[in-house]
Amino acid sequence: MKCYGCFKPINTGTYCTKCKAELFNGRNINQLNFDIKEFYEYRQSQAPRISISGVQDKISLKLEGNDLLPTDKNGTYILKPVPATQLQHSEDIVANEHLSMQLSKQIFKIPTAANAIVHFRNGDMAYLVKRFDYAKDGSKLDQEDFASIIGMSEETDGQNYKYDSSYEAIASAIQNVVATSSMSIEDLYLRIILNYLIGNGDAHLKNFSLYRPEGRSDYTLTPNYDLLFSGYHIHEMFGVMGLELFESYETKSYGALGFYSLEDFEAFAHLFKIPSSRMIKIYKLIFSSASKAEQMIENSFMTDNGKEAYLKNFHNRLKNGLAYTMKEPGFEFESILKPLADDFLRMV
Ligand SMILES: [Zn+2]
């Protein structure tokens, strides 16, 4: 048996001790006492009042004793089942989000919202994530997503506003408003690479936020949330992310290839003055963790087809995207990372 939080082997129960502590105050929680049909009935009845944004159906839950119960106020968890709308491979979306979040947390070591798979009464899986925007006394922490920080909205920028920007714009906003911005920029940088590798075409402005953690006076990036290999459910071109990397700059290789490769990611790091030693550290982490990431994909709760697609996409984006440089004359560029990337490519 394996833990439905972190995939680690366990002898009994559903979650390991660590996940139980992190998610449920150490309690052994019961299976949900409702099924997916009741979820949608409840969701309908709550529709006008629910405040969580996004298109995927979700409800708030609270922990009472050993039960996770639907609630319309002060919920400390969000529950997302398989969506009612028809998507390709929708049966895998729950395990896909869970796997993507665990890769973020365990392999990329990015602060990530605590999450797990839970089961409806009939045994169907749903994705559960613990909210991070409440203090221990129940008060709401200050939090703002980058659409609002940058000042983009549907009214001023049209329906597509959350996709109509760049990671450069997010990084520039961080430089303007975060006191310890160099740490947050590096954190953002790793998140961008993660989104690229897992094929998340939905890493848009609203899926990055700043908040003021309890007991702190300054703002920092919230834990990572809403991560998905979206290319498995909606057709997407190779190398797509939610946003462009740059506002207007274009590297030579991007001009030739039409997708981001090492030169682009290196140029982004230089633009935001990430020191060479830190860049090397980040890429060593990524390249040395590739096999661990692949093991985690194999070990996930996705179907065999889902695992195969996830693995293929991840491997392809790592090898033919992130680590790739053009060999043709005229495409040489000053690179700190190329020796590392070439070493990696020789090994895979
Ligand atoms: Zn666990």
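All ligand and atom numbering here is 1-based and tracks the order in the structure. Values below: all heavy atoms of this structure, side chains included; hydrogens, waters and symmetry mates excluded.
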Look at atom CD of E247 and say whether more than 12 heavy atoms of other residues, nucleotides or ligands are closer to it than 6.0 Å.
yes

Flag side-chain contact, heavy atom, 4.5 Å: L205 against M152
yes

Give me the other members of the hydrophobic cluster that M237 sits in, counting Ile, Leu, Val, Met, Phe, Trp and Tyr linked by side-chain heavy atoms under 4.5 Å, directly or via other members.
V240

Less than 4.5 Å apart, side chain to side chain, heavy atoms only: is that true for T220 and T180?
no

Polar protein atoms near the Zn ion (ligand 1) [N, O or S; cut-off under 2.8 Å]:
C3 SG, C6 SG, C16 SG, C19 SG

Taking atom NZ of K273 as the centre, does the number of heavy atoms from other residues, nucleotides or ligands within less than 6.0 Å exceed 12?
no

Salt bridge check: are E64 and K62 linked by an N-O gap of less than 4.0 Å?
yes

